[in-house]
A.B. asks: 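Dropping the structure in here first, questions after.
For the single chain, residues carry numbers from 1 onward in sequence order. Bear in mind the structure is a predicted one, so any value in this text is a computation, not a measurement.
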Amino acid sequence: MKGGIAAVFAILAIISLVVQPGQAVTCGQVDAALVPCISYLTGHIDSPSAACCGGVKVVKVMAETTADKRACCSCVKAAANRYADLKDAAAQSLPTKCGVQMDIPISRSVDCDK
């Protein structure tokens with residue numbers, strides 16, 4: 001229970017730090033939100049942590065406008081390409097495993113302009 005409460009507070013802290021209305025989304029914000037997902041995305045753990053899913057939800061909140069979605073997509077794509085051991089199946093299933101409907105695919109090869 002304590003871990004769940006701590007995860008909720010961590011998610012709220014991330015949201016308050018990274019989601020600032022009227023400002024463009026940066027890769028630093030996207031990266032910070034998704035850092036907890038690296039162990040899952042590289043196959044070191046079998047399912048995403050609560051902190052990881054919280055980060056996925058933060059990215060969804062950040063990606064409100066078309067420009068923000070494209071920026072988030074580009075950041076996610078760049079981050080995915082930094083990890084040679086990233087598991088494509090884990091990346092593609094991440095939003096679903098976290099129960100989040102995302103308009104941003106997590107992929108190394110996605111065309112973010114579409």
Side-chain angles (χ1 to χ4, degrees):
M1 181 72 175
K2 286 183 182 179
I5 293 170
V8 169
F9 281 121
I11 292 165
L12 292 174
I14 290 171
I15 290 172
S16 69
L17 290 173
V18 299
V19 180
Q20 300 172 8
Q23 294 188 355
V25 174
T26 68
C27 287
Q29 293 169 322
V30 174
D31 291 350
L34 296 179
V35 160
C37 300
I38 293 171
S39 293
Y40 169 70
L41 294 172
T42 55
H44 293 103
I45 59 175
D46 292 332
S47 60
S49 66
C52 169
C53 289
V56 172
K57 291 173 185 166
V58 167
V59 171
K60 179 179 175 65
V61 170
M62 285 191 282
E64 290 186 13
T65 68
T66 300
D68 289 342
K69 288 177 185 175
R70 285 187 177 143
C72 286
C73 178
S74 294
C75 294
V76 168
K77 181 178 178 179
N81 282 308
R82 285 195 299 266
Y83 293 93
D85 57 346
L86 182 115
K87 309 295 183 209
D88 290 326
Q92 292 171 3
S93 70
L94 180 61
T96 302
K97 288 211 173 202
C98 288
V100 178
Q101 175 83 27
M102 292 272 291
D103 295 332
I104 305 163
I106 300 176
S107 168
R108 297 175 198 204
S109 59
V110 66
D111 181 354
C112 294
D113 292 325
K114 289 187 177 183

A.B. asks: With sequence neighbours excluded, what pairs up with Ser74 under the side-chain contact (heavy atoms from CB on, under 4.5 Å) test?
C.D. replies: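 With neighbours one apart ignored, the set is Cys112.
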
A.B. asks: For Thr26, enumerate each residue passing the side-chain hydrogen bond (donor to acceptor under 3.5 Å, both in side chains) test, keeping only those at least two apart in sequence or located in another chain.
C.D. replies: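 Here the qualifying residues are Gln29.
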
A.B. asks: Could you tell me which non-hydrogen atom of Ser39 sits nearest to which non-hydrogen atom of Thr42, and how far apart they are?
C.D. replies: O-OG1, 3.5 Å

A.B. asks: How would you list, by chain and number, every residue that makes a disulfide bond (SG atoms under 2.5 Å apart) with Cys72, sequence neighbours excluded?
C.D. replies: none

A.B. asks: Which atom names give the shortest non-hydrogen contact between Ser49 and Pro36, and what distance separates them?
C.D. replies: OG-O, 3.9 Å

A.B. asks: So which atom in Ile104 and which in Cys73 form the shortest heavy-atom distance, rounded to 0.1 Å?
C.D. replies: CG2-CA, 3.6 Å

A.B. asks: State, to 0.1 Å, how close Ala71 and Val25 come at their nearest heavy-atom pair, and which atoms those are.
C.D. replies: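 Closest approach of Ala71 to Val25, heavy atoms only: CB-O, 4.2 Å.
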
A.B. asks: Is the side chain of Lys60 donor-acceptor paired with the backbone N or O of Gln101 at a distance under 3.5 Å, no angle test?
C.D. replies: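 Judged by distance alone, yes, a pair lies under 3.5 Å.
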
A.B. asks: Give every residue pair that meets the salt bridge (Lys or Arg N to Asp or Glu O under 4.0 Å) criterion with at least one member in residues 31-46, sequence neighbours excluded.
C.D. replies: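 Qualifying pairs, neighbours excluded: Asp31-Arg82.
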
A.B. asks: For a quick test of your reading: what N or O donor-acceptor pairs under 3.5 Å do the side chains of residues 84-94 make, sequence neighbours left out?
C.D. replies:
{"from": "Ser93", "atom 1": "OG", "to": "Tyr40", "atom 2": "OH", "distance (Å)": "2.9"}
{"from": "Ser93", "atom 1": "OG", "to": "Ala89", "atom 2": "O", "distance (Å)": "3.1"}
{"from": "Ser93", "atom 1": "OG", "to": "Ala90", "atom 2": "O", "distance (Å)": "3.2"}

A.B. asks: What's the spacing between Cys27 SG and Lys77 NZ if we round to 0.5 Å?
C.D. replies: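 If I round to the nearest 0.5 Å, the distance is 12.0 Å.
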
A.B. asks: On a heavy-atom basis, which atom in Ala63 and which in Asp68 lie closest, and how many Å separate them?
C.D. replies: CA-CB, 3.9 Å

A.B. asks: Which residues pass the side-chain hydrogen bond (donor to acceptor under 3.5 Å, both in side chains) test with Ser47, sequence neighbours left out?
C.D. replies: none

A.B. asks: Heavy atoms, side chains only, cut-off 4.5 Å: are Tyr83 and Leu41 in contact?
C.D. replies: no

A.B. asks: Does Arg70 use its side chain to pair, donor to acceptor, with the backbone of Asp113 at less than 3.5 Å?
C.D. replies: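 Yes: the side chain of Arg70 pairs with the backbone of Asp113.
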
A.B. asks: Which residues satisfy the salt bridge (Lys or Arg N to Asp or Glu O under 4.0 Å) test with Lys69, sequence neighbours excluded?
C.D. replies: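 Salt bridge (Lys or Arg N to Asp or Glu O under 4.0 Å) check on Lys69 returns Asp103.
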
A.B. asks: Would you give the length of the straight line joining atom CD1 of Ile45 to atom CD1 of Ile38, rounded to the nearest 0.5 angstrom?
C.D. replies: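 One gets 11.0 Å once the value is rounded to the nearest 0.5 Å.
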
A.B. asks: Evaluate the pair Cys52, Cys98 and indicate whether the two SG atoms are within a distance below 2.5 Å.
C.D. replies: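 With an SG-SG separation of 2.5 Å or more, Cys52 and Cys98 do not form a disulfide.
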
A.B. asks: What heavy-atom pair brings Met102 and Val59 nearest, and what distance separates the two atoms?
C.D. replies: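 Closest heavy-atom pair between Met102 and Val59: CE-CG1, 4.0 Å.
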
